[in-house]
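Each remark here refers to the structure printed beneath this line.
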Amino acid sequence: MARKTPEFNASSMADIAFLLLIFFLVTTTMDVTTGINRKLPPPPDPTVKPPDIKDRNIMNILVSKSDRLLVNGKPGQLEDLKEDVIKFMTPHYPDDVAFPEVKEETIDLIGTVYKSRGIISLKNDRGTSYDMYIQVQDKIAQAFTQLKDELSDKKFGRKYADLNEDEAKAINEAVPVPVSEAEPEDVGTK
């Protein structure tokens with residue numbers, strides 16, 4: 001009489017593996033980068049007096065609680081904000097008093113460039129909608145991306161996103177992103 005070989009019943013293993021696969025697909029989250037990429041400055045030293053900044057070097061953008069824009073105290077349109085920021089932050093040489101001051105600086109890999117001393121000052125009302133806040137941030141980011149692309153194309157013949165690390169660092173030094181964002185406050189109270 002032949003001896004029966006022991007068997008392992010694996011018929012339910014496929015069902016278990018399938019259930020585990022479904023479990024991990026449902027419970028696992030994808031790591032997706034979201035949000036606004038900003039490097040926040042360190043807290044200010046209370047003993048150090050902030051530097052004096054000339055009014056002509058500041059572009060004030062104010063967003064009211066009704067999502068209206070004021071650019072340098074005048075009503076502005078969201079559609080025009082990108083071009084307004086580009087026009088303001090583009091170095092105008094020789095010195096034009098209608099625009100921010102410029103300074104000449106020599107940067108490795110790209111040589112001597114003119115840099116704007118302009119600062120974008122953004123202030124929101126507490127009632128500003130999140131959608132409007134993000135749209136304004138997006139327009140400002142698009143403006144600086146275009147400025148970097150233009151300089152990158154002029155100096156390296158490629159878009160900023162296609163540069164290597166050293167080239168991108170040089171462009172970032174030539175086109176900084178000076179955006180100052182104040183704490184939200186009740187700008188337009190009833």
Kindly compute the distance separating [atom1] ([X]) from [atom2] ([Y]), expressed to the nearest 0.5 Å.
X: Q135; Y: K139; atom1: CD; atom2: NZ; result: 7.5 Å
X: L21; Y: L25; atom1: CG; atom2: CG; result: 4.5 Å
X: L81; Y: Q137; atom1: CG; atom2: CD; result: 10.0 Å
X: L122; Y: I140; atom1: CG; atom2: CD1; result: 5.0 Å
X: M59; Y: S180; atom1: CE; atom2: OG; result: 14.0 Å
X: I171; Y: L163; atom1: CD1; atom2: CG; result: 6.0 Å

State, to 0.1 Å, how close [X] and [Y] come at their nearest heavy-atom pair, and which atoms those are.
X: N72; Y: I58; answer: OD1-O, 3.7 Å
X: S116; Y: P100; answer: OG-CB, 3.7 Å
X: T128; Y: S64; answer: OG1-O, 3.3 Å
X: Y114; Y: P91; answer: O-CG, 3.1 Å
X: I110; Y: A174; answer: CD1-CB, 3.7 Å
X: E181; Y: Y133; answer: OE2-OH, 2.7 Å

Would a distance-only check, ignoring hydrogens and angles, find a side-chain to backbone donor-acceptor pair under 3.5 Å from [X] to [Y]?
X: S129; Y: M132; result: yes
X: K115; Y: E173; result: yes
X: H92; Y: V102; result: no
X: N57; Y: I119; result: no

**Asked** Knowing that exactly one of D149, D153, N172, T145 qualifies, which makes a side-chain hydrogen bond (donor to acceptor under 3.5 Å, both in side chains) with Y160?
**Response** N172
**Prompt:** For D108, does the CG atom have more than 12 heavy-atom neighbours from other residues, nucleotides or ligands under 6.0 Å away?
**Reply:**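 No, the 6.0 Å shell around CG holds no more than 12 heavy atoms from other groups.
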**Within 6.0 angstrom of N164 CG, more than 12 heavy atoms from elsewhere** =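 Correct, the count exceeds 12.
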**Prompt:** Is there side-chain contact between K148 and V177, with at least one heavy-atom pair below 4.5 Å?
**Reply:**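 Answer yes - side chains close enough.
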**Asked** Hey, are the side chains of V63 and D125 touching, using non-hydrogen atoms and a 4.5 Å cut-off?
**Response**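 Of all side-chain heavy-atom pairs linking D125 with V63, none is under 4.5 Å.
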**Request:** Take Q142 and V85 through the side chain to side chain contact (heavy atoms under 4.5 Å, CB included) test and state the conclusion after the steps.
**Result:** CA-CA 9 Å; Q142 286 177 15; V85 170; over 6 Å; no
**Request:** Could you give me the CA-CA distance, side-chain angles and deciding distance for D162 and F156, then say whether side chain to side chain contact (heavy atoms under 4.5 Å, CB included) is met?
**Result:** CA-CA 10 Å; D162 299 329; F156 300 110; over 6 Å; no
**Item:** Pair T112-T106, side-chain donor/acceptor within less than 3.5 Å
**Value:**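 On atom types as modelled, these side chains qualify, holding a pair under 3.5 Å.
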**Message:** Quiz question: by atom type and distance under 3.5 Å, do the side chains of Q146 and E150 form a donor-acceptor pair?
**Reply:** yes
**Request:** Walk me through it: do I120 and F88 pass the test side chain to side chain contact (heavy atoms under 4.5 Å, CB included)?
**Result:** CA-CA 9 Å; I120 306 296; F88 181 78; 3.9 Å; yes
**Asked** Only one of K159, R158, K155 clears salt bridge (Lys or Arg N to Asp or Glu O under 4.0 Å) with E167; which?
**Response**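 Only one option passes, and that is R158.
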**Asked** Are F99 and L151 joined in one hydrophobic group, where the rule is that I, L, V, M, F, W and Y side chains link up if heavy atoms are under 4.5 Å apart?
**Response**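 The answer is no; the residues belong to distinct hydrophobic clusters.
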